[in-house]
Student: 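Before anything else, here's the structure in question.
One is the number of the first residue; the rest follow in order along the sequence.
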Amino acid sequence: MTTDPVKLDTVLVLGTGLVGTSIGLALRQRGVTALLADRDLGAVRLAREMGAGQEWRLGDPVDLAVVAVPPDHVASELRGLQQLGAARFYTDVASVKARPIAAAAALGCDLSTYVASHPMAGREKAGPGAARGDLFLGRPWALCPTDEACAEAREAVLRLIELCGANAVEVAAEDHDRAVAVVSHAPHVAASAVAARLADASDVALGLAGQGVRDVTRIAGGDPGLWLGILSGNAAPVAEVLEAVSRDLSEAATALRALAQGDESAGPEVTELLKRGVAGHGRIPGKHGGPAAAYAVVQVVIGDRPGQLARLFQICDEVGVNVEDVRLEHAPGLPLGLAELSVQPDAVAVLNQALRERGWQLP
């Protein structure tokens with residue numbers, strides 16, 4: 001016997017920041033009615049103007065309510081919505097899971113209609129103005145049902161994930177928090193520590209900054225207040241990861257001090273850390289999941305003028321070459337940069353020839 005899938009015709013998004021507004025945009029693109037609410041009326045207005053949905057009127061029932069607020073506020077907002085009977089089912093999208101679930105239970109929330117979740121997608125920019133309808137496309141979305149959650153609530157959240165174009169990954173809340181400490185929360189702190197060194201760096205050092213330091217510090221531009229709430233909610237697992245990173249860095253610093261004093265025997269210690277870094281980087285899944293593919297890189301000098309990237313992609317389309325990834329590196333003080341196109345290795349010769357024939361400069 002099979003049951004009909006849970007339908008989501010109307011979804012309430014409580015919290016119109018980056019993630020909440022992006023959910024509204026994604027749902028609207030799939031024909032779902034998205035209703036928006038936020039204590040910040042200006043944020044609701046901007047999200048509405050962007051096309052993420054219409055303002056929710058108190059008392060209008062919905063199929064699913066998505067609580068898109070910081071971790072410390074999830075339980076109280078969930079309790080308030082359930083007291084209003086706002087939805088048939090509920091989820092949240094905070095980046096920490098165990099503490100909000102425990103807080104919801106302590107407040108007496110109905111856990112049978114609630115399934116916690118977390119989309120592994122975001123940007124270094126915050127607020128509704130940074131939202132995108134394709135933010136979750138192809139991204140993992142953690143699903144953390146408790147034993148109390150009913151099957152229909154789980155199916156409703158799975159349907160939300162499907163509508164947003166993400167890939168559901170079911171995981172226990174505690175396992176989720178340990179995992180994101182490794183792949184998200186501790187890396188943010190580490191990036192901030194590196195970026196903090198730049199605050200007092202000399203103009204000479206900043207003038208020499210290249211793409212490497214931009215890559216390492218990109219996520220350090222996040223909102224400190226928001227990140228304090230995230231880190232506080234997952235403090236112990238993040239601390240464990242940072243302590244391990246700190247040990248590696250401390251040992252590397254000691255070895256480098258020894259090298260500076262002429263002790264060549266310390267070199268292998270640094271090399272070992274670098275090798276482990278290469279091995280860890282190689283384990284990051286590729287864009288289709290599984291091991292990352294080994295792509296070849298085609299470098300093209302590109303002018304800093306409107307339409308240049310579009311022309312470049314048009315050539316790729318004409319010769320049937322799929323661009324797996326693209327990276328831009330600007331030349332300081334010059335009106336040009338370098339585009340690095342990641343393509344399948346067997347496409348390099350075809351693309352290089354097409355670019356040269358059309359007058360593009362290859363390094």
Side-chain angles (χ1 to χ4, degrees), residues 119-125 130 132-141 165-167 169 182-184 187 190-191 194-195 206-221 270-363:
M120 294 299 297
R123 305 180 68 189
E124 64 274 17
K125 300 177 182 178
R132 292 177 2 202
D134 63 352
L135 185 66
F136 314 104
L137 198 60
R139 303 296 299 170
W141 190 314
N167 300 320
V169 179
V182 175
V183 301
S184 176
V194 174
L206 295 175
L208 295 173
Q211 194 61 40
V213 73
R214 291 186 177 91
D215 288 345
V216 171
T217 61
R218 179 183 60 82
I219 57 175
V270 178
T271 302
E272 178 59 27
L273 175 59
L274 298 176
K275 286 181 177 179
R276 285 195 287 126
V278 170
H281 180 269
R283 293 195 65 201
I284 299 173
K287 69 174 189 175
H288 300 299
Y295 298 123
V297 175
V298 174
Q299 296 183 322
V300 190
V301 176
I302 183 169
D304 190 10
R305 301 187 302 276
Q308 292 299 291
L309 268 179
R311 288 182 54 213
L312 197 56
F313 290 142
Q314 179 63 35
I315 295 170
C316 295
D317 181 56
E318 290 172 1
V319 297
V321 172
N322 185 52
V323 178
E324 306 289 346
D325 200 358
V326 62
R327 173 175 166 175
L328 293 177
E329 183 169 354
H330 299 282
L334 297 175
L336 52 84
L338 193 67
E340 296 185 345
L341 308 180
S342 296
V343 300
Q344 294 291 343
D346 58 4
V348 172
V350 173
L351 184 55
N352 279 343
Q353 181 179 348
L355 291 169
R356 288 193 179 97
E357 289 175 350
R358 289 161 174 80
W360 289 81
Q361 181 182 349
L362 308 183

Student: List the residues meeting ring-ring contact (aromatic ring centres under 6.0 Å, His included) with W141, not counting sequence neighbours, and say none if there are none.
Tutor: F136
Student: Please enumerate all residues that pass side chain to side chain donor-acceptor pair (under 3.5 Å) together with E340, with sequence neighbours excluded.
Tutor: Q299
Student: Please list, one pair per line, the donor and acceptor atoms closer than 3.5 Å that link side chains of residues 350-357 to other protein atoms, with sequence neighbours excluded.
Tutor:
from : atom 1 : to   : atom 2 : distance (Å)
Q353 : NE2    : E357 : OE2    : 3.0

Student: Closest heavy-atom contact between P140 and V169?
Tutor: CB-CG2, 4.2 Å
Student: Quick one: list whatever passes side chain to side chain contact (heavy atoms under 4.5 Å, CB included) with L274, sequence neighbours left out.
Tutor: V270
Student: What residues form a side chain to side chain contact (heavy atoms under 4.5 Å, CB included) with A191, not counting sequence neighbours?
Tutor: I219, A220
Student: Tell me, please, which residues at least two apart from Q308 pass side chain to side chain contact (heavy atoms under 4.5 Å, CB included).
Tutor: I302, R305, R311, W360
Student: Can you find a heavy atom in the side chain of V297 that is under 4.5 Å from one in the side chain of L341?
Tutor: no
Student: With sequence neighbours left out, write down each residue that passes salt bridge (Lys or Arg N to Asp or Glu O under 4.0 Å) with R276, or none if nothing qualifies.
Tutor: D248
Student: Using residues 313-320 as the side-chain source, report each donor-acceptor pair under 3.5 Å to any protein atom, sequence neighbours left out, with the distance given to one decimal.
Tutor:
from : atom 1 : to   : atom 2 : distance (Å)
E318 : OE1    : R358 : NH2    : 3.2

Student: Taking the side chain as every heavy atom from C-beta outward, state whether V301 and L362 have any pair of such atoms under 4.5 Å apart.
Tutor: no
Student: How would you list, by chain and number, every residue that makes a salt bridge (Lys or Arg N to Asp or Glu O under 4.0 Å) with R327, sequence neighbours excluded?
Tutor: D215
Student: Any donor-acceptor pair under 3.5 Å linking the side chain of R139 with the backbone of M120?
Tutor: yes
